[in-house]
Q: 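Take a look at the following structure, please.
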Amino acid sequence: MVKPRPAATVVLVRADEKNKFEILLTRRPQEMRFLGGYYVFPGGTVHGDDYSPRVLERCRGLAAAEARRILDSSHTPEEALGHWVAVIRELFEEVGILLCVDQSGADVDPADPGEKDDLEQKRRAIVQRKLDFGSFLVAQNFFCDLSRLAYLDHWVTPDIYSMRFDTRFYIAKLPPRQAPLSCSEEVTHSVWVSPGDAIARIDRRDFPILPPTTTVLRQLGQLSSWDRLRAKFDLR
């Protein structure tokens, strides 16, 4: 039996015009070994660097002991906090969204054209492993805002698969003045869709999607409005 790797993924949400909400789904490139060609939530493996002292010094909004409690004390405090960091790193790598603040606690605002181009160059460097995430945070004087992530669920890949992940699911609101990339090195394309519309497409050949993605979509689809979603998960 293959031992599952620790992983983290995030359900990114935004309000629509009818006070309901949409969820970001990304399609993995066909050539990827695990779920290639399928629609998933952004996320990936938790790396050791995600809970290095250098990175953890750049985290705000959640104590390591509290992160460990939320994950049922199944990790060290530092490893537990690394799951939150992994979500923020992967979200930036895959779709360019940054759940970060500056030293004053103000939201990172990538809307300025010069800032946007610079961040995109840094994102590509991180993906290409020419720049590590900790060095990026230090150079930009950014801090991971872990308070933006609400813990959602826990799934482990069944043992019939040759690649297995022990995955923690989170949910977060799209930050103001940010928009996800339509495609990237790890994403064929991204799409905003309501939970109901996504579930309605399950049997379509052009919309391959599997549990636990479908399970999470069904769970969130039971919330009838943006206000109810925000209140349930205390999204900020």
Q: Quick check on the hydrophobic clustering: are V11 and L146 connected, directly or via other members, by side-chain heavy-atom contacts under 4.5 Å?
A: no
Q: Which atoms form the tightest heavy-atom contact between E90 and G43, and what is the distance?
A: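 The pair with the smallest heavy-atom distance is OE1-O, 3.5 Å.
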Q: Would a distance-only check, ignoring hydrogens and angles, find a side-chain to backbone donor-acceptor pair under 3.5 Å from D107 to D109?
A: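 Flag not set: sc D107 to bb D109 has no pair under 3.5 Å.
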Q: Among E93, E94, E185, which one satisfies side chain to side chain donor-acceptor pair (under 3.5 Å) with R123?
A: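 Single side chain to side chain donor-acceptor pair (under 3.5 Å) partner of R123 among E93, E94, E185: E185.
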Q: Quick one: closest heavy-atom pair of T157 and Y161, and the distance?
A: CG2-CD1, 3.6 Å
Q: Going hydrophobic residue to hydrophobic residue with side-chain gaps under 4.5 angstrom, can you get from F169 over to V193?
A: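 Both belong to a single hydrophobic cluster.
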Q: How long is the straight-line distance from CD1 of I126 back to CG of L119, given to the nearest 0.5 Å?
A: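 Here the interatomic distance stands at 9.5 Å.
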Q: Measuring from D159:CG to K3:NZ, what's the distance to the nearest 0.5 Å?
A: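 Here the rounded value is 15.5 Å.
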Q: Might you work through the side-chain contact (heavy atoms from CB on, under 4.5 Å) test for T26 and H189, ending with a clear yes or no?
A: CA-CA 6 Å; T26 60; H189 71 271; over 6 Å; no
Q: Report the distance from atom CZ of F233 to atom CD1 of I171, rounding to the nearest 0.5 Å.
A: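 With rounding to 0.5 Å, CZ (F233) is 5.0 Å from CD1 (I171).
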Q: Are P53 and L56 packed together at the side-chain level, in the sense that at least one heavy-atom pair is separated by less than 4.5 angstrom?
A: no
Q: Could you pull out the closest heavy-atom pair between F143 and Q103, with the gap in Å?
A: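 The answer is CE1-CA, 3.6 Å.
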Q: Looking at Q128, I want to see if its CD is surrounded by more than 12 non-hydrogen atoms of other residues, nucleotides or ligands under 6.0 Å.
A: yes
Q: State yes or no: do Y151 and V10 share one hydrophobic cluster built from I, L, V, M, F, W and Y residues joined by side-chain heavy-atom distances below 4.5 Å, directly or via other members?
A: yes
Q: Could you tell me the separation between the CD1 atom of I209 and the CG atom of L25, rounded to the nearest 0.5 Å?
A: 5.0 Å
Q: With clusters defined by side-chain heavy atoms of hydrophobic residues (ILVMFWY) lying less than 4.5 Å apart, directly or transitively, does L137 cluster with L149?
A: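 Yes: a chain of side-chain contacts under 4.5 Å links L149 to L137.
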Q: Look at the side chain of R218 and the backbone N and O of I199, then say whether any donor-acceptor pair between them is shorter than 3.5 Å.
A: no
Q: Is it the case that the side chain of T213 and the backbone of V40 share a donor-acceptor pair, with hydrogens and angles ignored and the cut-off at 3.5 Å?
A: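 Checking the backbone N and O of V40 against the side chain of T213, no donor-acceptor pair under 3.5 Å is found.
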Q: Under 3.5 Å, side chain of S184 to main-chain N/O of V95, donor-acceptor pair present?
A: no
Q: Donor-acceptor pair, distance only, cut-off 3.5 Å: does the side chain of D118 make one with the backbone of Q121?
A: no
Q: Would you call R204 and D206 a salt bridge, taking side-chain N to carboxylate O under 4.0 Å as the test?
A: yes
Q: Side-chain contact, heavy-atom cut-off 4.5 Å: L91 with L12?
A: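 Yes - at least one pair of side-chain heavy atoms lies under 4.5 Å apart.
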Q: What closest approach, in Å, do A67 and L81 show between heavy atoms, and which atom pair accounts for it?
A: CB-CD1, 3.7 Å
Q: Starting from V187, can I reach L181 by hopping between I/L/V/M/F/W/Y residues whose side chains sit under 4.5 Å apart?
A: no
Q: Any idea which heavy atoms bring E78 and Y51 closest together, and the distance?
A: O-CB, 3.0 Å
Q: Strictly distance-based, threshold 3.5 Å: is any side-chain N or O of T9 a donor or acceptor partner for the main-chain N or O of F41?
A: yes
Q: Begin with the C-alpha distance, continue with both residues' side-chain angles, and end with the deciding distance and a verdict on side-chain contact (heavy atoms from CB on, under 4.5 Å) for L71 and W84.
A: CA-CA 11 Å; L71 300 191; W84 274 256; 3.9 Å; yes
Q: Do you know the tightest heavy-atom contact between C100 and C144?
A: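 That closest heavy-atom pairing would be SG-CA, 4.1 Å.
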Q: Please confirm whether the backbone N or O of V2 pairs with a side-chain atom of R164, one donor and one acceptor, at under 3.5 Å?
A: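 Yes, because the side chain of R164 sits within donor-acceptor range (under 3.5 Å) of the backbone of V2.
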Q: Using a 6.0 Å cut-off, check whether atom OH of Y38 has over 12 heavy atoms from anything other than its own residue.
A: no
Q: How about D72 and S74: does a side-chain donor come under 3.5 Å of a side-chain acceptor?
A: no
Q: To the closest 0.5 Å, what do you measure between CZ (F92) and CD (Q178)?
A: 9.0 Å
Q: Any ion pair linking D227 and R230 (charged N to carboxylate O, less than 4.0 Å)?
A: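 Looking at R230 and D227, the cut-off is not met.
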Q: Regarding S147 and R60, is there a side-chain donor-to-acceptor distance under 3.5 Å anywhere?
A: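 No donor-acceptor contact under 3.5 Å links the two side chains.
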Q: Under the side-chain contact (heavy atoms from CB on, under 4.5 Å) criterion, do W226 and V13 qualify, and how do the steps go?
A: CA-CA 9 Å; W226 173 247; V13 295; 3.8 Å; yes
Q: Between R148 and K173, is the side-chain contact (heavy atoms from CB on, under 4.5 Å) condition met? List the steps.
A: CA-CA 7 Å; R148 294 178 183 268; K173 181 170 70 75; 5.9 Å; no
Q: Would you tell me whether H83 and D50 have side-chain atoms, one donor and one acceptor, within less than 3.5 Å of each other?
A: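 No, D50 and H83 have no side-chain donor paired with an acceptor closer than 3.5 Å.
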Q: Any sub-3.5 Å donor-acceptor pair from E79's side-chain atoms to T76's backbone N or O?
A: yes
Q: Are a donor atom and an acceptor atom from the side chains of S194 and D197 found within less than 3.5 Å of each other?
A: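 The answer is yes; a qualifying pair exists.
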Q: Applying the side-chain contact (heavy atoms from CB on, under 4.5 Å) criterion to F142, which one of I88, V101, L98 satisfies it?
A: L98
Q: Would you call V138 and F136 a side-chain contact if the rule is heavy atoms closer than 4.5 Å?
A: no
Q: Quick one: do the R58 and N141 side chains pair a donor with an acceptor below 3.5 Å?
A: yes
Q: Let me confirm one number: the OH-CZ distance from Y170 to R168, rounded to the nearest 0.5 Å.
A: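 Reported to 0.5 Å precision, the distance equals 7.0 Å.
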